[in-house]
**Student:** 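For reference, the structure I am asking about is given below.
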There are 2 protein chains.
Amino acid sequence: MADETTYKDKKVITIGIVSELTGLSERQIRYYEERKLIFPERTPGGSRKYSFADVELLMEIANKIEDGVQTHEIRKEMIRAQNNLNKEVKRKMIQGQLNAQFGIRNGPFSK
Amino acid sequence: MADETTYKDKKVITIGIVSELTGLSERQIRYYEERKLIFPERTPGGSRKYSFADVELLMEIANKIEDGVQTHEIRKEMIRAQNNLNKEVKRKMIQGQLNAQFGIRNGPFSK
DNA sequence: CGTGTAAGGAATTCTGACACG
DNA sequence: CGTGTAAGGAATTCTGACACG
């Protein structure tokens with residue numbers, strides 16, 4: 001499940017390549033960062049580094065922008081989605097604790 | 001099986017990042033290319049682009065070099081491995097043809 | 001608001017060569 | 001043989017700003 005050999009999240013792609021992969025201009029990519037939609041890492045020299053996950057996210061962002069959604073709205077959507085994910089993870093961790101303490105059964109709350 | 005969402009083989013990493021990931025100097029990385037051990041793509045401007053698979057291969061190469069294996073030997077090993085792989089693929093394709101024509105059974109040659 | 005562009009500078013990468021051995 | 005390095009140049013990336021709207 002937690003595949004440690006995943007390259008999707010390693011930030012290793014420079015902005016020029018990302019521009020080619022997404023079809024977005026470097027200006028657009030930097031602007032979406034300014035609007036807090038994307039968070040590249042940096043080399044010691046200051047060059048941005050993106051992951052494949054970032055590339056995919058950028059393409060989703062581009063689609064929404066095309067649909068007339070403003071960056072501020074997109075940001076709110078992303079925060080909402082992130083909160084839901086956090087809640088989900090927390091719920092699963094608590095359930096995991098319970099299972100560990102009381103054993104795994106198949107009651108209505110064990111899923 | 002043939003996972004199309006694999007990022008492992010996309011050539012998107014520049015040499016500086018590869019150097020950080022592998023711990024090898026750019027000089028070493030370029031030299032291994034000169035010796036035909038690694039085959040990066042190029043940007044229109046001429047910069048090298050590597051994949052995660054390349055990064056892994058480079059680390060294997062580095063290990064062998066440390067063990068005193070010469071680049072020429074490493075190259076021969078790689079060619080041998082590639083040939084075996086090709087044979088394997090060909091064998092499977094032929095078997096696939098046979099299965100398609102005569103149906104799938106569990107005889108001694110169907111594996 | 002989102003994006004293009006010219007500007008100046010800094011970081012990155014490239015090649016071919018000399019050096020050591 | 002494998003690798004470091006200085007050299008000069010070209011490609012890449014960075015930031016802040018003006019422009020349009």
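Proteins get letters first, then strands, A, B, ... in listed order; numbering begins at 1 in each. Values reported hereafter were calculated over all heavy atoms of this structure, with side chains retained and with hydrogens, waters and symmetry mates removed.
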**Student:** For DNA chain C, which residues of residues 19-26 of chain B approach it to below 4.0 angstrom with any heavy atom?
**Tutor:** B:E26

**Student:** May I ask which nucleotide in the shown strands pairs with C:dA6, Watson-Crick or G-U wobble, both distances under 3.5 Å?
**Tutor:** none

**Student:** In whole Å, I'd like the distance from the CG atom of A:L58 to the P atom of C:dG2.
**Tutor:** 15 Å

**Student:** For the residue pair A:F52 and B:Y7, categorise the inter-ring angle as parallel (less than 30°), tilted (30 to 60°) or perpendicular (more than 60°).
**Tutor:** parallel

**Student:** Checking side-chain polar atoms at under 3.5 Å, does A:R27 have a donor or acceptor matched by the opposite partner on A:Y31?
**Tutor:** no

**Student:** Let me know the distance between CD1 of B:I13 and C1' of D:dT12, rounded to the nearest Å.
**Tutor:** 17 Å

**Student:** Between B:R27 and B:T43, name the one whose nearest nucleotide on DNA chain D is closer to the 5' end.
**Tutor:** B:R27

**Student:** Within this structure, what is the CD1-to-C1' distance between B:I29 and D:dT5, rounded to whole angstrom?
**Tutor:** 16 Å

**Student:** Among C:dG2, D:dC14, C:dT13, find the nucleotide with the atom closest to the side chain of A:T71.
**Tutor:** C:dG2

**Student:** Check the distance between C:dT3's P and A:Q28's CD and give it to me in whole angstrom.
**Tutor:** 4 Å

**Student:** Counting only Watson-Crick or G-U wobble pairs whose two distances fall under 3.5 Å, which nucleotide matches D:dG16?
**Tutor:** none

**Student:** Please examine the side chains of A:Y50 and A:I38, heavy atoms only from C-beta on, and report whether any two atoms are closer than 4.5 Å.
**Tutor:** yes

**Student:** Heavy-atom distance under 4.5 Å between the side chains of B:I17 and B:T14, does that happen here?
**Tutor:** yes

**Student:** Measure CZ/B:R42 against C1'/C:dC14 and give the value in whole Å, please.
**Tutor:** 8 Å

**Student:** In residues 30-41 of chain A, which residues come under 4.0 Å of DNA chain C by heavy atom?
**Tutor:** A:Y31, A:Y32, A:R35

**Student:** Does any part of the side chain of B:K49, heavy atoms only, come nearer than 4.5 Å to the side chain of A:E20, both counted from C-beta?
**Tutor:** yes

**Student:** If only side-chain N and O atoms of A:T14 are considered, is one of them under 4.0 Å from the OP1 or OP2 phosphate oxygen of D:dT12?
**Tutor:** no

**Student:** Identify the heavy atoms of B:S19 and B:L24 that sit nearest to each other, and give their distance.
**Tutor:** OG-O, 2.6 Å

**Student:** Ignoring backbone atoms, establish whether B:R48 has a side-chain N or O less than 4.0 Å from OP1 or OP2 of C:dC14.
**Tutor:** yes

**Student:** Under 4.5 Å between side-chain heavy atoms, counting indirect links through other Ile/Leu/Val/Met/Phe/Trp/Tyr residues: same cluster for A:I29 and A:V69 or not?
**Tutor:** yes

**Student:** Nearest to the side chain of A:I65, heavy atoms from C-beta on, is which of C:dT3, C:dC14, D:dT3?
**Tutor:** C:dT3

**Student:** Could you check B:R48 against B:V18 for side chain to side chain contact (heavy atoms under 4.5 Å, CB included), going step by step and ending with a plain yes or no?
**Tutor:** CA-CA 10 Å; B:R48 274 167 263 248; B:V18 172; over 6 Å; no

**Student:** Should A:K76 and A:E73 count as side-chain neighbours, where that means a heavy-atom distance under 4.5 Å?
**Tutor:** yes

